[in-house]
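In what follows, a structure is listed as structure tokens, so that the remarks can point back to it.
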Amino acid sequence: MKYLLLICGDESAEAHAQDGCGDWSEEMESRGVVEGGAGLRPPSEATTVRVRSGELLLTDGPFAETKEQIGGFVLIDCADLDEAIEIAAKHPAAGYGTIEIRPLLAGPPV
Amino acid sequence: MSGPSVGDRLDHVFRDEWGQVVATLIGLTGDWELAEECAQEAFATALRRWPEDGIPDRPGAWLTTTARNKAMDVLRREAVGAAKLREVAAMTDPDDELAAADGGTLRAPTDDSAVRDDRLRLMFTCCHPALAMEARVALTLRTLAGLSTAEIARAFLVGEEAMSKRLTRAKRKIQHAGIPYRVPPDHLLPERTPAVLAVLYLLFNEGYSASAGADLVRRSLADEAIRLTRLLTDLMPDEPEAAGLLALMLLHTARRDTRTTPDGELVPLDEQDRTRWHLDEIAAAESLLTATLRRGRPGPYQVQAAIAACHATARTAADTDWPQIAALYAQLDQTPVVALNRAVAIGLADGPAIGLRLLDDLAAGPLAGYHLLPATRADFLRRLGRTTEAADAYRAAIDLAGTDAERRYLRRRLAEVT
């Protein structure tokens with residue numbers, strides 16, 4: 001099954017932005033569960049796009065005004081939710097932020 | 001002929017077999033809705049046929065095969081992958097299918113160990129920590145115990161539609177989020193087993209704390225919890241905490257006839273008529289607990305059961321071994337409620353003045369607003385002869401109490417000191 005791990009944190013998480021994921025990345029690469037992912041620039045540099053009645057609306061900043069913002073994401077492919085939980089729990093960001101596990105909509109086979 | 005007796009038998013069969021039929025069908029089809037539907041239809045077929053044909057020798061096997069055949073029909077109609085169909089079809093041989101078709105006896109569709117495993121898988125999946133607690137409880141009651149959505153809704157005082165949504169959402173999450181249908185591997189058991197026990201204990205408490213005259217469905221939750229916990233101890237004989245939880249439940253229910261007066265007033269432990277406790281049940285629970293404790297792997301349920309056993313085996317309230325109870329409470333995680341109970345035990349062991357001092361330490365904490373805190377205070381003050389202060393504390397407790405039974409009891413106590 002494929003899951004997107006959304007790595008979230010408040011402003012204090014920015015301090016960890018350059019930490020990297022060292023051992024975690026190494027282990028997950030060798031297990032072959034990571035399909036992609038990246039860290040993100042801070043939400044202050046985000047632009048939100050909406051089109052309503054054909055009109056383009058832009059907002060400076062993230063879509064949701066919450067304390068927790070997405071700081072990165074990883075796409076994984078693993079056996080089931082138990083394995084996804086294990087992978088997420090080992091991620092360093094789980095120690096200071098939160099990680100949301102979202103199963104992907106089942107699309108056509110690639 | 002003997003219609004009602006078949007009805008009674010069917011009722012028993014339903015209770016005993018429902019969880020297993022559903023568990024097996026989920027294992028075969030991977031589809032929770034389909035499994036439930038087919039189980040439901042199989043029981044309906046039994047209800048029609050058994051009064052005429054007689055009850056088969058192995059009703060569980062008959063029901064499982066009948067449900068499986070219905071699932072095959074549905075899958076065939078929906079033209080799902082041939083592989084899945086073959087998988088489901090492979091479950092029994094053609095003779096069994098024929099036997100089911102004419103309502104005769106059957107061999108078990110799967111060997112016993114697989115059946116046991118299926119129900120355990122279902123239990124762990126229903127209680128998966130990625131599901132909300134209410135969802136785990138509802139799912140356990142629906143799929144394992146076979147309560148209808150309406151019954152579960154009534155038990156938890158929510159509308160049937162809301163409960164139905166809750167169940168559907170949980171089943172969808174299991175399917176779409178990839179919650180595995182299995183008994184977790186060994187390294188996950190230490191964290192997953194307590195999750196299962198927590199659901200069963202919550203179920204038991206929901207049922208047990210329902211006052212007399214409350215909805216029958218609510219009280220039967222306690223029976224369901226005991227049945228499922230007993231099943232869990234059969235399926236996991238090496239898990240002492242499951243046995244501890246079962247002993248705890250049995251020790252509580254052995255006092256069921258004395259906990260309230262006929263008009264629903266709460267009777268505290270020290271005033272209960274001990275001659276009406278079910279002593280045989282207490283003895284059985286005690287020997288279960290003793291055997292369990294002997295394994296030397298105590299946990300919170302075993303400790304709580306040991307506390308319940310101290311109460312249940314005291315011939316009179318005055319004989320209660322309070323120092324032992326206080327020592328047992330000290331072994332539990334010191335949550336505010338445990339700390340309160342420990343203070344009560346110490347107060348009764350070493351004197352109300354000491355107990356009162358411990359209560360003062362708790363008053364500033366998260367128990368402020370919990371009626372048992374002023375109620376306990378009042379009790380110690382009464383024992384010390386400080387009746388005016390006791391009366392004030394009883395009044396404070398009455399204001400905070402949650403049920404009529406509790407309020408009536410506290411008012412009676414208040415009348416004694418004023």
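Computed from a prediction, not measured in an experiment: that's the story for all the values here. A, B, ... follow the sequence lines: proteins, then strands. Residue 1 opens every chain.
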Self-check item: Listed partners of B/Glu37 passing salt bridge (charged side-chain N to carboxylate O under 4.0 Å, His left out), at least two apart
Solution: none
Quiz item: Looking at B/His176 and A/Met1, what are the two nearest heavy atoms and their distance?
Solution: O-CE, 3.2 Å
Quiz item: Side chain, backbone, both or neither: which part of A/Ile85 has a heavy atom under 4.5 Å from chain B?
Solution: side chain
Exercise. Taking atom CZ of B/Arg295 as the centre, report whether more than 12 heavy atoms of other residues, nucleotides or ligands fall under 6.0 Å from it.
Key: yes
Quiz prompt | Nearest heavy-atom neighbours spanning A/Pro103 and B/Ala177 | solution = CG-CA, 3.7 Å
Quiz item: Just checking heavy atoms, which of residues 76-84 of chain A are less than 4.5 Å from chain B?
Solution: A/Asp80, A/Leu81, A/Asp82
Self-check item: Residue-level contacts of residues 183-200 of chain B with chain A, using a heavy-atom cutoff under 4.5 Å
Solution: B/Leu188, B/Arg192
Quiz prompt | Heavy-atom neighbours of A/Glu45 CD exceed 12 at 6.0 Å | solution = yes
Practice problem: Assess whether atom CZ of B/Arg230 is packed by more than 12 heavy atoms of other residues, nucleotides or ligands within 6.0 Å. | Solution: no
Quiz item: Take atom CZ in B/Arg172; do more than 12 heavy atoms of anything else shown fall under 6.0 Å from it?
Solution: no
Quiz item: What parts of residues 126-136 of chain B touch chain A if we use heavy atoms and a cut-off under 4.5 Å?
Solution: B/His128, B/Ala130
